[in-house]
S.K.: 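A single structure is presented below for examination.
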Amino acid sequence: MSKPICNRLFKLGLIFTTLIVLPCLSYAETGLPWSSSFENGDNSEWNGFTRGTVSYTRQNPVDGAYAAYTTLVANTLNNNYLEHYFGDHVRIGLEKVEEVYLEFSSKFEQGYTFPERQGHKLALINLTDGNTTDRRYQVYIVVDGNNQYAITYSDIGDWTFRGLDQNVGTRETVRFDQWDRLKMYVRLNTPGSSDGIVRMWINGELKLDHSGLNLRENTDFGMNKLILSSYTAHESGSNGVQWYDHWLLSETDPVAVDISPPSPPILQSN
């Protein structure tokens, strides 16, 4: 039972306070932590829309039985994706998320050429106002034309995009035909202040650490949609194959997160 439904039932129960105590279910208020390793051989772990073709294979997954993959076509704007809603997204109506860790594994076929401009998007986190499905802000991981991992944050309303390059140690590039483990941390700015934080680890090493960011301007919008993406923002990419596996989205560092199936909800009295 979601928190909004629980609240509505509780308000009804107040009418009969002399007769009953209405129980509510203890439930993850944000829908996190959440994980997906495609263990059903499909996208059933993802609760949102899909586009294009994302397929599933038993060949060389990071863990479990399956990994996801998509075929990239040269001279096209590839746009294959899966979506997962969390937090205060209007389709599920849970609590707002303002700080999150995303971790997943990615692999590209040897010989793939990344698009020259704007990068190849791997994973996006969208922000909305919680009342509509309209995306307003985004933070996402890309690979640039030099095969380097980077992060971009954007204001869709003003159509502005700001890139964040690796700024810690030596820069890491895609290791073709090998799995790379990527982790991103995002803490949204206080509305009206430039105090947001974005970090990225590549194969366990911190490579990007930017603070003082204005990720959502003066709004109080929360993060509430995750997108697995193979979007190429320019038509100069080549033919290739892209694989994904072992996704984890959480409000605390995944190092300390238990991603085993949650226990059944516990009844609590109000």
Side-chain angles (χ1 to χ4, degrees), residues 28 30-72 78 80-87 97 99-112 120-125 139-143 147 149 151 172-186 199-208 223 225-231 240-264:
T30 61
L32 302 179
W34 167 87
S35 65
S36 172
S37 289
F38 311 104
E39 289 309 280
N40 296 320
D42 56 28
N43 63 0
S44 58
E45 296 162 326
W46 298 69
N47 63 13
F49 289 106
T50 66
R51 175 172 176 156
T53 301
V54 178
S55 303
Y56 306 90
T57 178
R58 289 182 177 271
Q59 295 183 7
N60 193 29
V62 169
D63 65 352
Y66 287 93
Y69 74 95
T70 188
T71 300
L72 304 169
N78 295 279
N80 306 294
Y81 64 74
L82 305 178
E83 294 182 347
H84 186 79
Y85 309 132
F86 63 97
V97 173
E99 185 174 26
V100 77
Y101 288 85
L102 168 66
E103 190 170 16
F104 64 94
S105 295
S106 171
K107 182 172 67 170
F108 286 90
E109 180 182 50
Q110 181 68 46
Y112 177 63
H120 179 114
K121 298 180 183 180
L122 303 183
L124 301 89
I125 295 178
V139 182
Y140 55 89
I141 298 177
V142 300
V143 179
N147 300 357
Y149 294 106
I151 290 177
E172 295 292 332
T173 59
V174 171
R175 302 182 304 171
F176 289 102
D177 288 337
Q178 298 184 63
W179 287 105
D180 283 328
R181 189 69 176 165
L182 306 175
K183 180 168 74 171
M184 177 173 68
Y185 168 72
V186 180
R199 297 182 179 127
M200 179 169 60
W201 292 258
I202 302 172
N203 297 318
E205 294 188 10
L206 180 65
K207 292 295 179 179
L208 182 153
M223 294 177 281
K225 183 165 74 172
L226 169 65
I227 303 174
L228 175 158
S229 172
S230 65
Y231 181 75
V241 181
Q242 177 184 5
W243 290 268
Y244 283 114
D245 203 3
H246 198 178
W247 288 68
L248 175 61
L249 188 67
S250 61
E251 293 178 276
T252 56
D253 194 326
V255 171
V257 171
D258 179 6
I259 62 171
S260 59
S263 301

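For clarity, every value in this text was computed on a predicted model and none was experimentally measured.
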S.K.: CD of Q178 to OG of S105: how many Å apart, nearest 0.5 Å?
M.R.: 12.5 Å
S.K.: Kindly determine whether V54 and N43 satisfy side chain to side chain contact (heavy atoms under 4.5 Å, CB included), including the steps that lead there.
M.R.: CA-CA 8 Å; V54 178; N43 63 0; over 6 Å; no
S.K.: What is the minimum heavy-atom distance between P33 and S250, and which atoms define it?
M.R.: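 Taking every non-hydrogen atom into account, CB-CB, 3.9 Å.
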S.K.: Report the residues that fulfil ring-ring contact (aromatic ring centres under 6.0 Å, His included) with Y85, sequence neighbours left out, ordered by chain and then residue number.
M.R.: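 Per chain and number, Y85 pairs via ring-ring contact (aromatic ring centres under 6.0 Å, His included) with H89.
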S.K.: What are the two closest heavy atoms between N60 and W179, and how far apart are they?
M.R.: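 Looks like O-NE1, 3.0 Å.
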S.K.: Can you check whether I125 reaches M184 side chain to side chain, under 4.5 Å on heavy atoms?
M.R.: yes
S.K.: Between E39 and A65 (side chain of the first, backbone of the second, donor and acceptor by atom type, cut-off under 3.5 Å), is there such a pair?
M.R.: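 Yes, because the side chain of E39 sits within donor-acceptor range (under 3.5 Å) of the backbone of A65.
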S.K.: Check whether any side-chain heavy atom of Q242 lies under 4.5 Å from a side-chain heavy atom of L122, and answer yes or no.
M.R.: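 In contact.
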S.K.: Tell me the closest heavy-atom pair linking S36 and E45, and the distance in Å.
M.R.: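 Taking every non-hydrogen atom into account, OG-OE1, 2.6 Å.
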S.K.: Do L228 and F104 make a side-chain contact, defined as non-hydrogen atoms from C-beta onward lying under 4.5 Å apart?
M.R.: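 No, too far: nothing below the 4.5 Å cut-off.
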S.K.: Would you say M200 and Y149 make side-chain contact, with heavy atoms under 4.5 Å?
M.R.: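 Yes, side chains in contact.
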S.K.: Roughly how far apart are R181 CZ and E205 CD, rounded to 0.5 Å?
M.R.: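 Rounded to the nearest 0.5 Å, the CZ-CD separation comes out at 15.5 Å.
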S.K.: What closest approach, in Å, do Y244 and K121 show between heavy atoms, and which atom pair accounts for it?
M.R.: OH-O, 4.1 Å
S.K.: Looking at T70 and T53, what are the two nearest heavy atoms and their distance?
M.R.: OG1-O, 2.8 Å
S.K.: Can D253 and K183 be counted as an ion pair, charged N to O under 4.0 angstrom?
M.R.: yes
S.K.: Quick one, E109 with L72, criterion side chain to side chain contact (heavy atoms under 4.5 Å, CB included). Give me CA distance, side-chain angles, the key distance, then yes/no.
M.R.: CA-CA 10 Å; E109 180 182 50; L72 304 169; over 6 Å; no
S.K.: Got a second to check how far T57's OG1 is from W243's CH2, nearest 0.5 Å?
M.R.: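 If I round to the nearest 0.5 Å, the distance is 8.5 Å.
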S.K.: Between Y56 and F38, does the ring centre distance come in under 6.0 Å?
M.R.: yes
S.K.: From I227 CD1 over to R51 CZ, what is the distance, rounded to the nearest 0.5 angstrom?
M.R.: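 I227 CD1 to R51 CZ: 11.5 Å, rounded to 0.5 Å.
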S.K.: Taking all atoms of both residues into account, what is the closest heavy-atom pair of G204 and W201, and its distance?
M.R.: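 Looking at all heavy atoms of both residues, the shortest contact is O-CD1, 4.1 Å.
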S.K.: After noting the C-alpha distance and the side-chain angles of Y81 and L124, does the key distance pass the side chain to side chain contact (heavy atoms under 4.5 Å, CB included) rule?
M.R.: CA-CA 10 Å; Y81 64 74; L124 301 89; over 6 Å; no
S.K.: Centres of the Y101 and Y185 rings: under 6.0 Å?
M.R.: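 Under 6.0 Å, so yes.
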S.K.: Quick one, D245 and Y66 - any side-chain contact, counting heavy atoms below 4.5 Å?
M.R.: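 Counting from C-beta outward, D245 and Y66 never come under 4.5 Å.
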S.K.: Donor-acceptor check, side chain of N40 to backbone of D42, threshold 3.5 angstrom: yes or no?
M.R.: no
S.K.: Would you say L82 and H84 make side-chain contact, with heavy atoms under 4.5 Å?
M.R.: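 L82 does not reach H84 side chain to side chain.
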S.K.: What is the distance from atom CG of D63 to atom NE2 of H246, rounded to the nearest 0.5 Å?
M.R.: 5.0 Å
S.K.: State whether the side chain of D180 and the backbone N or O of V174 hold a donor-acceptor pair below 3.5 Å, judged by distance alone.
M.R.: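 A pair under 3.5 Å: no.
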S.K.: Atom OG1 of T71 and atom CG of N80: how far apart are they, to the nearest 0.5 Å?
M.R.: 8.5 Å
S.K.: Starting from the C-alpha separation in whole Å, work towards a yes-or-no answer on side chain to side chain contact (heavy atoms under 4.5 Å, CB included) for H120 and S230.
M.R.: CA-CA 7 Å; H120 179 114; S230 65; 4.3 Å; yes
S.K.: Do the non-hydrogen side-chain atoms of K107 and Y69 ever get within less than 4.5 Å of each other?
M.R.: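 Of all side-chain heavy-atom pairs linking Y69 with K107, none is under 4.5 Å.
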S.K.: Taking C-beta and beyond as the side chain, do L102 and L248 meet within less than 4.5 Å on heavy atoms?
M.R.: no
S.K.: Should the heavy atoms of other residues, nucleotides or ligands under 6.0 Å from CZ of F49 be counted, would the total exceed 12?
M.R.: no
